[in-house]
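Just the heavy atoms: all of them, side chains too, but no hydrogens, waters or symmetry mates, feed the values below. So you know, we letter chains A, B, ... as the sequences are listed, proteins then strands, and number each from 1.
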Protein chains: 2
Amino acid sequence: MTYATDPVQSDRSRDALTAAHLYYLQDLTMEAIAQELHTSRSSVSRLLSHARETGLVNIQIKSPLDAPSHLEQQIEARFQVTAHVVPVPDSASDVDRLERVALSVARILGQYFDSNMTMGIAWGSTMNAISRHVTPKQTHNSQVVQLNGAGNMRTTGLGYASEILGRFGTAFGAHVQQFPVPAFFDDPATKQALWRERSISRLIDMQATMDIALFGLGSPFSGVISRVYAGGYLEQAEFDALSTAGVVGDVATVFYRADGSTDGITLNERSTGPDFTVLRRTPRRICVVAGRSKLASLRGALAARLITDLFVDESTARALVEAP
Amino acid sequence: MTYATDPVQSDRSRDALTAAHLYYLQDLTMEAIAQELHTSRSSVSRLLSHARETGLVNIQIKSPLDAPSHLEQQIEARFQVTAHVVPVPDSASDVDRLERVALSVARILGQYFDSNMTMGIAWGSTMNAISRHVTPKQTHNSQVVQLNGAGNMRTTGLGYASEILGRFGTAFGAHVQQFPVPAFFDDPATKQALWRERSISRLIDMQATMDIALFGLGSPFSGVISRVYAGGYLEQAEFDALSTAGVVGDVATVFYRADGSTDGITLNERSTGPDFTVLRRTPRRICVVAGRSKLASLRGALAARLITDLFVDESTARALVEAP
DNA sequence: CGGCTCCTTGCACGTATGTTCAATCCGATT
DNA sequence: AATCGGATTGAACATACGTGCAAGGAGCCG
């Protein structure tokens with residue numbers, strides 16, 4: 001092996017690969033694998049972890065297509081979205097709920113994203129949780145593009161959002177396209193102007209032609225406050241305006257009402273997220289929701305037809321299919 | 001759940017599915033899953049086994065495409081086939097070797113076979129070993145068709161071959177097409193006649209249009225005697241004739257020489273396996289080889305261009321790429 | 001209704017696996 | 001050459017897991 005392909009991790013990865021072969025395809029015990037590889041059992045355990053973490057081993061669960069759960073069928077019938085209900089015990093806390101849904105999504109994501117694709121991603125606590133667990137999958141010529149700005153009066157937002165972006169990017173070996181603008185402009189005219197800049201319009205174009213959008217939901221007026229409202233992005237006056245306008249939630253800092261409408265919500269004109277008419281052209285729009293506090297927001301997003309694929313925890317799913 | 005889809009195993013499979021979710025997608029411990037499912041940890045362990053065995057959980061190893069092993073690259077370069085080298089320690093016995101290669105193939109097979117496809121399969125010790133381990137995968141409207149007859153002077157062969165066929169069939173939920181003829185006719189004319197029968201020609205047509213062929217190799221003149229030669233299929237005189245004709249192996253009881261040629265091997269006119277010119281039209285032709293005793297036979301099969309995908313144990317692979 | 005078998009369950013045990021820790025190796029820096 | 005920090009290793013320990021077994025059910029005859 002004097003001319004290995006990747007001098008750095010080639011050895012380790014090659015061992016991990018054979019170990020995975022022996023373990024998952026031939027049912028050998030780690031002890032036995034250790035002997036074949038002339039190393040200790042602990043090292044084999046570590047090799048296998050490594051293999052799983054780097055996406056060398058791919059474990060997927062396949063609903064034998066005939067059997068989406070009862071809940072999933074109901075959701076699909078009523079809202080025309082593909083539903084994935086994540087089993088979570090009713091007793092779980094909201095943080096648990098988020099963590100577990102995020103973990104599931106992170107593991108499945110690779111089945112949707114592939115080479116030559118562009119994925120738009122939002123930011124926020126949901127996206128953050130997912131990003132911390134994405135299972136890597138090597139792709140070529142693919143892009144990860146930020147959907148909305150993350151700056152505010154305190155920071156440029158480049159740290160937080162780009163950390164999330166970056167994790168997706170490295171997991172998929174994709175180019176990362178950051179969106180270096182605030183979440184909301186002070187003056188709509190600035191947005192208009194900037195949108196005409198070639199550097200920015202390039203990004204807007206990518207968003208318009210992306211293959212997948214991945215986002216959580218904001219829910220301004222319910223128990224757990226989304227990052228957008230806690231992080232100093234909005235002033236009290238703006239917040240109140242949303243309230244009087246009847247807003248129930250947002251996707252990438254673009255707001256909507258319970259019936260999915262957005263007309264007359266002036267804040268949207270200053271927001272940097274993609275307009276819903278644009279977003280709706282994206283073939284696959286994956287929405288991740290955890291916790292019943294986001295129920296109203298979810299109903300709105302469904303009404304707005306923003307979602308094609310929904311990941312949701314079990315009890316929220318149950319609540320969703322109960323009377324309006 | 002009053003109107004479950006499959007009343008029989010619906011409950012068990014549904015539990016197995018959630019258990020798999022919780023275990024593989026959320027990294028819960030079996031103990032924790034047991035609590036959520038209100039059962040004992042042992043039952044969860046069994047549920048998960050069930051999930052794996054029934055193909056509900058799909059574990060696959062992905063060469064990060066850039067890194068096929070050195071050996072695999074060499075084989076691909078020299079013989080224009082996709083190679084899968086199965087790691088097996090050099091110290092392993094030939095039965096071990098076969099068993100381990102077969103296990104690997106059985107686990108991977110589902111990645112090649114899908115709905116609306118037809119797979120032709122041979123019989124013999126290799127195929128038998130594979131059949132005993134195939135991981136199920138549900139498909140629709142797919143067919144498994146026997147490539148060559150299995151009858152001989154002692155039995156109709158329906159038992160042994162159909163057992164193998166059956167295992168593939170049930171694993172994939174495919175229709176099984178048996179081939180109720182002897183391995184070799186006594187008189188070539190009988191074969192010609194029978195081939196014109198509609199019941200048989202229907203089968204021949206299916207073979208001609210199959211999407212995948214799966215077969216092992218026979219090697220008449222080397223250490224381990226293949227089933228064809230041990231099972232009473234050939235008389236001593238026929239065996240000698242093969243020897244003088246320079247035969248080194250067979251695929252589905254059709255024989256070839258070291259250079260891949262078949263002309264003038266009269267036994268082939270009485271054989272029931274598919275003619276190589278027909279076989280070569282099959283888009284994917286998967287050959288499984290274990291043990292260096294099949295090396296000559298493998299070289300011949302490669303020369304005859306019978307193989308598009310090769311599964312082979314490591315040490316045989318090494319021997320293959322060494323001088324002619 | 002009883003007795004029969006076959007299947008499923010939870011317990012208990014032994015084995016397999018994950019993880020911590022101290023020792024060691026390696027490469028970089030001085 | 002010497003020293004340092006970080007990464008890797010195997011031993012030991014603590015868990016987690018698979019499986020034989022006896023007990024309990026569910027169906028099926030007699």
**Message:** Do Thr316(B) and Arg97(B) pair up side chain to side chain, a donor and an acceptor below 3.5 Å, judged on atom types alone?
**Reply:** no

**Asked** Would you call the rings of Tyr112(A) and His84(A) parallel, tilted or perpendicular, where under 30° means parallel and over 60° means perpendicular?
**Response** perpendicular

**Complete:** Here the distance between atom C1' of dA16(C) and atom CG of Asp27(A), to the nearest Å, is 13 Å

**Message:** Taking only side-chain N and O atoms of Ser45(A), does any of them lie within less than 4.0 angstrom of OP1 or OP2 on dA16(C)?
**Reply:** no

**Request:** To the nearest Å, give me how far apart CZ (Arg46(B)) and P (dG10(C)) are.
**Result:** 8 Å

**Asked** What is the distance, rounded to the nearest whole Å, between atom CG of Leu37(A) and atom P of dT9(D)?
**Response** 11 Å

**Asked** Run the side-chain contact (heavy atoms from CB on, under 4.5 Å) check on Asp15(B) and His50(B) step by step: do they pass?
**Response** CA-CA 10 Å; Asp15(B) 278 359; His50(B) 174 76; over 6 Å; no

**Request:** Would you indicate which nucleotide in dT17(C), dG10(C), dA16(D) comes nearest to any side-chain atom of Thr29(B)?
**Result:** dA16(D)

**Prompt:** Do the side-chain N or O atoms of Arg52(A) get closer than 4.0 angstrom to the phosphate oxygens (OP1, OP2) of dG18(C)?
**Reply:** yes

**Asked** Hey, does the side chain of Tyr23(A) come within less than 4.0 Å of dA16(C)'s phosphate (OP1/OP2), counting only N and O?
**Response** no

**Item:** Rounded distance in Å - CD (Glu31(A)) to C1' (dC17(D))
**Value:** 16 Å

**Prompt:** What's the CD1-C1' distance between Ile33(A) and dA16(C), to the nearest Å?
**Reply:** 12 Å

**Request:** To the nearest Å, give me how far apart CD (Gln35(B)) and C1' (dA16(D)) are.
**Result:** 14 Å

**Message:** Distance check needed: dG18(C) C1' versus Glu53(A) CD, whole Å only.
**Reply:** 12 Å

**Complete:** Out of dT9(C), dT20(C), dC17(D), minimum distance to the side chain of Arg41(B) belongs to dC17(D)

**Asked** Are any of Ser42(B)'s side-chain N or O atoms less than 4.0 Å away from OP1 or OP2 of dC11(C)?
**Response** no

**Message:** Show, in sequence, the C-alpha distance, side-chain angles and deciding distance for Leu320(B) and Val289(B), and conclude whether the side-chain contact (heavy atoms from CB on, under 4.5 Å) test is met.
**Reply:** CA-CA 11 Å; Leu320(B) 179 63; Val289(B) 181; over 6 Å; no

**Request:** Could you tell me whether a side-chain N or O of Asn58(A) sits under 3.5 Å from a main-chain N or O of Gln60(B), the two making a donor and an acceptor?
**Result:** no

**Prompt:** CG of Leu22(A) versus C1' of dA16(C): gap in Å, rounded?
**Reply:** 16 Å

**Asked** Would one find a side-chain N or O of Ser49(A) under 4.0 angstrom from OP1 or OP2 of dG18(C)?
**Response** no

